[in-house]
Amino acid sequence: MIVRTRAAPSPTGDPHIGTAYVALLNQVFARRHGGQFILRIEDTDVVRSTRASERMIIDALGWLGLDWDEGPDVGGAHGPYRQSERKDIYQAHARVLLDAGHAFYCFCSPERLDAVRAEQTARGENPRYDGHCRALDPDVARRRASGGEAHVIRMKVPAEGVCAFHDHLRGTIEIPFAQIDMQVLIKGDGFPTYHMAVVVDDHLMKITHILRGEEWINSVPKHVLLYQYFGWQPPVFCHLPLLRNPDRSKLSKRRNPTSINYYRRAGYLPQAVINYLGRMGWSMPDDREIFGRDEMIAAFDLDRISLGAPIFDLAKLNWLNGQYIRKLSPEEFMDEVQDWAFNRDRLASLVPLVQERTERFIDLVPQVDYLLGERRALAATDFTHPELSEAEAKKILQYVLWTFDAMATWERDLIYGAVQTIAKAMGHKIRDFLFPLFIAVSGRAVSLPLFDSMHLLGADLTRMRLRDALEVLGGVSKKQLKQLEKEFKALVDTPEGAE
RNA sequence: GUCCCCUUCGUCUAGAGGCCUAGGACACCGGGUUUUCAUCCCGGCGACAGGGGUUCGACUCCCCUAGGGGACGCCA
C-alpha cells in the first residue's frame, strides 16, 4: 500500500499557521513512508472562498518550503483538486445514497430549523434536526426537488447505538449516535458540505491516512457512516493536537498572529518556523532541538506525537529564529535581508509614500522605521490629546480592533472605509479619531499615511500593535469588555444615517 | 447543557513499571568573557493535577474527582 496523505485548507482568508502545521506533519509522514502528499482546496463555501486566498495559501506554504505531489497548481491523476470543480461528482454520489435510502430530501426552511433549535435548547435538549422530512415519500420528495423546490439532502443516522472507531493515537473512541445530527450533505446551492466532500474525495483520491486537527473527532461518526453507506474502506484516522493561544484556547487571530504572512513579514526564516512547528506535539528520538524538514522525514514516527495541547509561544520561536539567522553566512544574510525588506515589490509599495516627503536620503530611514522595524515602546502619556480622553482612546482602539478581527480581506480602501464608518458612528472628527491609531501603529502622532501603513504592515502586525497599545493604556477588564461589546454591537447594527 | 478529547517545570518537551535524587531546551535570576549591547560559557530557580486501586515496585497500567480544551451550522 502506498501511503497518501493530504492537506485540505479552506481558502477563506489569510493562510493560517495551523494549516502549515497540519500540512507539515502530513507531508513528513507521507515522505517517511515513500508515499505521496496532496494539496486539496476545500472551497465548497462559495460565499466565503476566494481565489485570492487560495493563491495566498499556496504561496505561503511554498515559502515555508512545503511542496506536494498533486494539487490544483501542479495537477495529478486524481484531480481536480479544487472541490468547487467536483460538484458533479458529489451530486452523483448523493444520488447513490438517495437511491439506497441512506439519505433524504429535506425542504425545511432555515427559519424553521432555527425555531426548532431554539425550542430544543429551551427544553435543555441537544439541538438537532427533528427528522421532519425524513418520513416523506421518496418519490414525492424527488418530484418536488426536481420541480425546483428549494431543498437540501441529508444523511440518515441511526437513532440509537454507538459508533466505535479507531484513532491511531487515542485508540478506540465511542460516540453515541444520539449525539450525531442528520447532517446536510448537499446544500441548497448544490454544493456539498465538508462531510460529504471529504469522504468522497479522500476515497477517490486514495487517501490512506487522515492527519488533521482534533476538532474533527466528533464528526468522525458521520464519516464512518458514509464510508459504510458507500461500501468503502475508511482510511486511518489520526487526530492531531490543536495549537493553542497562551490561555489554552484554540489558536485564534483575535489573540495571536496566526497568518503565515505575519511571520514572513516580521522577519522569520521559513526553516525556523518549520523547525518550531515540528516541535509542537512532536520530538526527535534523540535530543535534537534544531532540525530541518529532511531530518524530520528521516526520523518521523507518528507514535512520537504527544497529545497535550501545545501553546504557540513566540519566545522559543524567536530564539530558534536567532539560531538560524546566526548560522547564515554574511552573503546569505545579505540576501535574506534584501529579500525581506528591499525587494522590488516591497520597495514599490513604499516609494510612493516616502519619495515626496524626502529631501535627502538621510531623511528616509526615520520615516519608515516603524514599518521595517518594531514600533517604539509606548507609554500611557503618549495618548494624551486635547480633544480625546484616555477612555475614549481606549474605546477607539478596541472598536477598531474588533472591526479588524472581522475583516477577511486586508486592502487599504477597505481598512479606510471600515475605520471611517466607526468614526462617524461614534461622532468623532476623523482627525481626532485617528490620533490613537497613529500612536498605536507608528508610535508617533505624525507618520506616513495611516491606512497605507496598516496595509503594508499586514493585518496581524497591525492588530498586534493595537492590542499592545490597549495594554499600555491599562488594558480592558472583563467587565469593561462586556459593556464595550454591547455598545459596539449597537453602534454597528445602527443602519446608516438612522440616528 | 450533552457528548468527546486531554493533563510532567511559567512554556515546548524526554520519559512506554525499577535506569528518576524526574532529563533537555526556551523564558527568568545570578556569574564569567566582551569598550556598551548582543552572542557565547557556567550556575541557579522550577513539574509528574488530586484521590483511590493493581503491583514487591508506579510519572508510567486501571477507576473516580478536579481542571483545561473541543464539537454540537445549508462553515470548514
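Naming convention: chains lettered A, B, ... in sequence-line order (proteins, then strands); numbering from 1 in each chain.
Comparing A/Leu169 and A/Trp282 along RNA chain B, the residue whose closest nucleotide (by nearest heavy atom) sits nearer the 5' end is A/Leu169.
Ring orientation note: the planes of A/Trp402 and A/Phe488 are tilted relative to one another, at an angle of 30° to 60°.
Distance alone, capped at 3.5 Å, is enough to place a donor-acceptor pair between the A/Arg154 side chain and the A/Met182 backbone. The backbone N or O of A/Gln271 sits nowhere less than 3.5 Å from a side-chain atom of A/Asn275 that would complete a donor-acceptor pair. Remark: side-chain polar atoms of A/Tyr21 are not paired, donor with acceptor, to backbone N or O of A/His16 under 3.5 angstrom.
Checking the phosphate oxygens (OP1, OP2) of B/A71, a side-chain nitrogen or oxygen of A/Lys250 falls inside 4.0 Å. In this structure, A/Arg244 does not reach the B/G69 phosphate: none of its side-chain N or O atoms is under 4.0 Å from OP1 or OP2. Listed pair A/Ser219 / B/C72 fails the phosphate criterion, with no side-chain N or O lying under 4.0 Å from OP1 or OP2. In this structure, A/Ser283 does not reach the B/U13 phosphate: none of its side-chain N or O atoms is under 4.0 Å from OP1 or OP2. OP1 and OP2 of B/A38 both lie 4.0 Å or more from every side-chain N or O belonging to A/Gln323. Listed pair A/Lys222 / B/A71 fails the phosphate criterion, with no side-chain N or O lying under 4.0 Å from OP1 or OP2. The shortest distance between the side-chain N/O atoms of A/Lys327 and the OP1/OP2 oxygens of B/U39 is not below 4.0 Å.
Which of B/A71, B/A27, B/G73 sits closest to the side chain of A/Ala315 comes down to B/A27. When distances run from any side-chain atom of A/Tyr194 to the nucleotides B/A71, B/A76, B/C74, the shortest one goes to B/A76. When each of B/A76, B/C12, B/C72 is scored by its nearest atom to the side-chain atoms of A/Asn126, the top-ranked nucleotide is B/C72. Across B/U39, B/C26, B/C75, the shortest atom-to-atom separation from the side chain of A/Arg326 is found for B/U39. For A/Asp45, whose side chain is taken as the heavy atoms from C-beta onward, the closest listed nucleotide among B/C6, B/G70, B/C75 is B/C75. Looking at the side chain of A/Pro310, the nearest of the listed nucleotides B/C5, B/C12, B/C3 is B/C12.
Regarding A/Met284, its CE atom lies at a distance of 18 Å from the C1' atom of B/G15, rounded to whole Å. Rounded to an integer number of Å, the gap from A/Trp216 CH2 to B/A76 P is 8 Å. Across the protein-nucleic acid pair, A/Ile173 atom CD1 and B/G70 atom P stand 17 Å apart, rounded to whole Å. Between A/Arg248 atom CZ and B/G67 atom P the separation is 16 Å, expressed in whole Å. A/Tyr276 places its OH atom 12 Å from the P atom of B/A27, with the value rounded to the nearest Å. Protein atom CG of A/Asp313 is 8 Å distant from nucleotide atom C1' of B/A27, rounded to whole Å. Following rounding to the nearest Å, A/Gln120 (CD) and B/G73 (C1') show an atom-to-atom distance of 13 Å. One can place CG of A/Leu242 at 14 Å from P of B/U7, the figure rounded to the nearest angstrom.
For the P atom pair drawn from B/U60 and B/C19, the interatomic distance equals 13 Å after rounding to whole Å. Comparing B/C59 with B/G50, their P atoms sit 11 Å apart, to the nearest whole Å. Spacing of P atoms, B/U7 relative to B/U13, comes out at 11 Å, to the nearest Å. Taking the C1' atom of each, B/G31 and B/G70 are spaced 46 Å apart, rounded to whole Å. Taking atom P in both B/C48 and B/G43, the straight-line distance is 24 Å, to the nearest Å. B/C26 sits 12 Å from B/C9 when the C1' atoms are compared, rounded to a whole Å. Using C1' as the reference atom, B/G51 and B/C56 are 23 Å apart when rounded to the nearest Å. For the P atom pair drawn from B/G1 and B/C62, the interatomic distance equals 27 Å after rounding to whole Å.
Using a 4.0 Å cut-off between charged side-chain N and carboxylate O, A/Asp99 and A/Arg142 make no salt bridge.
For B/U35, there is no paired base (Watson-Crick or G-U wobble, both distances below 3.5 Å). Searching all strands for a Watson-Crick or G-U wobble partner of B/G57 with both distances below 3.5 Å returns nothing. Across all strands shown, B/C72 forms a Watson-Crick or G-U wobble pair, both distances under 3.5 Å, with B/G1. Summarising the base pairing, B/G30 is matched to B/C42 through a Watson-Crick or G-U wobble pair whose two defining distances lie under 3.5 Å. B/A25 is paired with B/U11 under the Watson-Crick or G-U wobble criterion, all donor-acceptor distances under 3.5 Å.
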With salt bridge (charged side-chain N to carboxylate O under 4.0 Å, His left out) as the test, would you mind laying out the steps for A/Glu471 and A/Arg467 before giving the verdict? CA-CA 6 Å; A/Glu471 282 309 307; A/Arg467 263 184 257 132; over 6 Å; no
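Within 4.0 Å of A/Glu125, counting heavy atoms only, lies no atom of the nucleic acid at all. Note on A/Val184: only backbone sugar-phosphate atoms sit closer than 4.0 angstrom, heavy atoms only; bases stay farther off. A/Arg117 comes within 4.0 angstrom of sugar-phosphate atoms only, judged by non-hydrogen atoms across all strands, and of no base. Across all strands, A/Gly308 comes closer than 4.0 Å only to sugar-phosphate atoms, never to a base (heavy-atom distances). Nucleic acid contact class of A/Pro110 (heavy atoms, under 4.0 Å, all strands): base. Residue A/Glu214 is classed as a sugar-phosphate contact, given heavy-atom separations below 4.0 Å to backbone atoms only. Here A/Arg304 lies in heavy-atom contact (under 4.0 Å) with sugar-phosphate atoms only. Heavy atoms of A/Arg170 sit under 4.0 angstrom from primed sugar atoms or phosphate atoms, though from no base atom. Across all strands shown, A/Gln179 has heavy atoms under 4.0 Å from base atoms, whether or not it also approaches the sugar-phosphate. Using a 4.0 Å heavy-atom criterion, one finds that A/Cys163 contacts no nucleic acid atom at all. Across all strands, A/Thr44 comes closer than 4.0 Å only to sugar-phosphate atoms, never to a base (heavy-atom distances). Using a 4.0 Å heavy-atom criterion, one finds that A/Gly322 contacts no nucleic acid atom at all.
Relative to the ring axis of A/Phe300, A/Arg31 does not place its NZ or CZ within 45° and under 6.0 Å from the centre. Cation-pi geometry between A/Lys87 and A/Phe191 is satisfied (NZ or CZ under 6.0 Å from the ring centre, within 45° of the ring normal).
A donor and an acceptor atom, one from each side chain of A/Trp282 and A/Asp301, are nowhere located under 3.5 Å apart.
Just one of A/Asp313, A/Thr258, A/Asn256 meets the side chain to side chain donor-acceptor pair (under 3.5 Å) condition when paired with A/Asn245; it is A/Asn256.
At a cut-off of 3.5 angstrom, counting only N and O atoms as typed in the model, there is no donor on one side facing an acceptor on the other between the side-chain of A/Lys316 and the base of B/A27.
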